[in-house]
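Scroll down for the structure; my scribbles are underneath it.
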Amino acid sequence: MEVPWEEYARLALQEKLPTETPEQNADHFPPVLRLLEKRQELAAADRGLRAQKEVYQATMAALKRRREQLEQKEQELKGSFVRFDRFLQDAEAGRSRALRRAEEERHRAGRLEAEALRLRAQLEELRGERARLQRRLRRLEPCARLLGQALEQLPEFQEVPELVARFDGLADTRAALRLAERGRLAELEAARARLRRLRDAGRDELLALGQRRARLQERLEAARARKLQWESKWIQIQNTAAAKTLLLGRARMSVLNLFQLVCQRRKQPPALDVDDTEGQLEQVKLFIQDVSATLASLGQAKPAAPAS
């Protein structure tokens, strides 16, 4: 294992330094001599360290070269192993490819045989189709002559396919128009159905509105009758209220007159408000009670007089 240079130098310096302590030489050498001796020891240790460093570097360089040689040999061995393994893999792959090619050849032969059978069947179908087309061609040959004659009479068309394409376009347009017409007829029928439903709903609504109008008219007549009844009652109530108001006014005037008579009788000024009818009645009531008590006392005193 590689040792760091700093650790190696520290160990070598410990070996070079003297083992005696400063206390042991303190009595034999003065400080200047001890300082010079220490400097010499340090210089010697430094030279020894440089020499050991050079030896260490040379040793490490030799170890590095040896390691590189070993790594190179290891790489060469790995390359040999890899080439040998690749050789074995290539041999196995060649054997597998040979087996696979043989299997593919067998499958290919089977597919070619099946394809040959399919092509024979297809050839028979094409022959039948050719016979059918020939029969159809003979059957359509009069139509072809008719198209040729029509092409001669229509100079705007140069070839029969143009005429056929024009006819196909007109046929498609006619089919589209028929389809659109059917759609419009369906929409018209749906609109008519909606119109019938709306008319029926309108008649039902008119009938319901007529019935509601009749009920409202009946309620209006009943309300008018109740109005006349309540108007007559209101007039009667007003008349009754006027009569009672007149009677109340008369009663209040009578009470006021009685109160004023009571005040005159007592020879006191009226101390109550003119509109305080209840207070006036209370004063009249008290006066009547006083008069009644006086009359009662007088009625008791009259029979006692002859006895005396």
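In this text, all values refer to a predicted model and were calculated from it rather than measured experimentally. Heavy-atom basis, side chains included; hydrogens, waters and symmetry copies ignored.
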Given the rule that I, L, V, M, F, W and Y join up when any side-chain heavy atoms are under 4.5 Å apart, are L295 and V284 in one cluster?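 Yes, same cluster.
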Exercise for review: Decide whether I288 and L286 are clustered together by the hydrophobic rule: side chain heavy atoms of Ile, Leu, Val, Met, Phe, Trp, Tyr closer than 4.5 Å, transitively.
Suggested key: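 Not linked; separate clusters.
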Can you confirm whether [X] is buried at [atom1], in the sense that more than 12 heavy atoms of other residues, nucleotides or ligands lie under 6.0 Å from that atom?
X	atom1	result
Q289	CD	yes
R132	CZ	yes
R130	CZ	no
Q236	CD	no

Decide yes or no for [X] and [Y]: does some side-chain heavy atom of the first lie under 4.5 Å from some side-chain heavy atom of the second?
X	Y	result
L177	R174	no
K64	E68	yes
R120	L117	yes
Q57	M60	no
R182	L179	yes
L220	L216	no

Using a strict cut-off of less than 4.0 Å between a Lys/Arg side-chain nitrogen and an Asp/Glu carboxylate oxygen, indicate whether [X] and [Y] qualify as a salt bridge.
X	Y	answer
D46	R50	yes
E124	R127	yes
R224	E221	yes
D200	R197	no

For this session: Go through the steps to decide whether L119 and Q122 satisfy the test side chain to side chain contact (heavy atoms under 4.5 Å, CB included), and finish with yes or no.
Result: CA-CA 5 Å; L119 291 175; Q122 187 176 3; 3.8 Å; yes
Could you pull out all residues at least two apart from K233 that satisfy salt bridge (Lys or Arg N to Asp or Glu O under 4.0 Å)?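 Partners of K233 under the salt bridge (Lys or Arg N to Asp or Glu O under 4.0 Å) test: none.
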ask   = Between Q72 and Q75, does a side chain to side chain contact (heavy atoms under 4.5 Å, CB included) hold up when you go through it step by step?
value = CA-CA 5 Å; Q72 183 177 1; Q75 294 296 329; 5.7 Å; no
Using the rule given for side chain to side chain contact (heavy atoms under 4.5 Å, CB included), can you reason through L88 versus E92, listing the C-alpha separation, both sets of side-chain angles and the distance that settles it, and then say yes or no?
CA-CA 6 Å; L88 292 179; E92 185 64 25; over 6 Å; no
Smallest separation among heavy atoms of E76 and R83, with atom names: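 Shortest heavy-atom contact: O-NH2, 4.4 Å.
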